Amino acid sequence: MNMSELLSKEDFEKKLKDMGSMYHIHHPFHVRMYEGSCTKEEIQGWVANRFYYQCAIPIKDAAIMSNNPPIEDRRKWVDRILDHDSVGGGIEAWLDLGVAVGLKKEDLESHKFVLPAVKFAVDAYVNFARRSPWKEAAMSSLTEMFAPQIHQQRLDTWPKNYPWIEQNGLRYFQKRLSEARRDVQHGLSMTLVEFDTVELQNRACEILQFKLDILWTMCDALYLAYELKRPPYFNIKDCNATRKITCN
Ligand SMILES: O=C(O)c1cc(C(=O)O)c2c(n1)C(=O)C(=O)c1cc(C(=O)O)[nH]c1-2
């Protein structure tokens, strides 16, 4: 809902943080995953689909760089790209997670298990970053305010609930705890300073909602395909557009 009056920085921060009530940590697919109710196939499906998001993050960050932020911000953005794309960085850590859950690296890299709705949602994020002023695209990463909790939740519950997953696969989640906090410090302080009119504060909330929608939509697609067993075209006989959603 749009605000009609300019909020103080404290109230604006609270308003943004309150939107965490719509974070995908609350999606039924995530809830089942952390409670330990997901099957091996569901975990594999989530890991394979999320890899598409992982690959898009540094591309999205490079798109933000290309929209010409000041040098101090660019330096911070280079760090974000390296977090994912450097040797031993996030992309490699996620591939290790894939292997730890029983997937083949080449299957992940081919994106053959990626559901169309996941692809559309993630591509929308990259396209938004390409086309928007850099400050808008930068602030859209602020769903990361809520990410340390979801990573910690996996570190706390997966070893007990999914003992078949090799422990070294969980390195990605550990690594993101500090990286996400650093990203948020930068992204949030920029947002609180730069989005300084009622219109801009409303715009920031709209953008954060768009990003929450992307994450929620990815979970909806997973829920439909893996939990309800209704991947695209599931009911059409001999349809050659039906995607492979399992590695068996
Ligand atoms: O596991 C998650 O639930 C989750 C969520 C998010 C997020 O909130 O966008 C990110 C990540 N992980 C993540 O690992 C990550 O590197 C990341 C970067 C960004 C971003 O928008 O720049 N979001 C996220």
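All values reported here derive from a predicted model rather than from experimental measurement. Read the numbers this way: they start at 1 and go in the same order the structure lists the ligands and their atoms.
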Is it the case that the side chains of H30 and R154 hold a donor-acceptor pair, with the cut-off being a distance below 3.5 Å and no angle test? yes
Side-chain H-bond candidate by donor/acceptor type, K211 with T143, under 3.5 Å: yes
Quick one: nearest non-hydrogen protein atom to atom 7 (C) of ligand 1, plus distance? T143 OG1, 3.3 Å
Just checking, is any N or O donor in the side chain of H84 or D61 under 3.5 Å from an acceptor N or O on the other one? no
Run the salt-bridge test on E144 and R176 with the 4.0 Å N-O cut-off and return the result as yes or no. yes
Polar proximity ligand 1 side, Q54 side, N/O cut 3.5 Å exclusive: no
Search all heavy atoms of L6 against all heavy atoms of T197 and return the closest pair with its distance. CD1-C, 3.4 Å
Atoms of ligand 1, numbered as shown, that sit under 4.0 Å from any heavy atom of H84: 16 (O)
Closest to atom 9 (O) of ligand 1 among protein heavy atoms sits Y53 OH, 2.6 Å
Closest approach of any protein heavy atom to atom 21 (O) of ligand 1, naming residue and atom: Y125 OH, 2.6 Å
Residues E179 and K175 bridged, charged N to O under 4.0 Å: yes
Indicate whether any N or O donor in one side chain lies under 3.5 Å from an N or O acceptor in the other, for Q44 and Y226. no
For ligand 1, which part of L215 has a heavy atom less than 4.0 Å away: the side chain, the backbone, both, or neither? side chain
Atom 14 (O) of ligand 1 [closest protein heavy-atom partner, distance rounded to 0.1 Å]: Y172 OH, 2.5 Å
Geometric cation-pi criterion R80 and W77, 6.0 Å radius, 45° cone: yes
Hey, which atoms in ligand 1 end up nearer than 4.0 Å to a heavy atom of K211? 9 (O), 20 (C), 21 (O)
When you compare the side chains of S66 and R130, does any donor N or O come within less than 3.5 Å of an acceptor on the partner? no
If you have a sec, work out which protein heavy atom is nearest atom 8 (O) of ligand 1 and how many Å separate them, to one decimal? Y23 OH, 2.7 Å
With heavy atoms of I57 as the reference, note each atom of ligand 1 found under 4.0 Å away. 18 (C), 19 (C), 20 (C)
Are the charged groups of K9 and E13 less than 4.0 angstrom apart, N to O? no
Closest to atom 22 (O) of ligand 1 (judged by heavy-atom distance), picking from E144, R154, K60: K60
Per-atom filter on ligand 1: closer than 4.0 angstrom to a heavy atom of I150 are 1 (O), 2 (C), 3 (O)
Considering the heavy atoms of S141, write down every atom of ligand 1 situated less than 4.0 Å from one of them. 20 (C), 21 (O), 22 (O)
Identify, for atom 3 (O) of ligand 1, the protein heavy atom at the shortest distance, and state residue, atom and that distance. H24 NE2, 2.7 Å
Ligand 1 contacted by H30 (non-hydrogen, < 4.0 Å): no
Measure from atom 1 (O) of ligand 1 to every heavy atom in R80, K175, E179, R50 and give the option owning the shortest one. R50
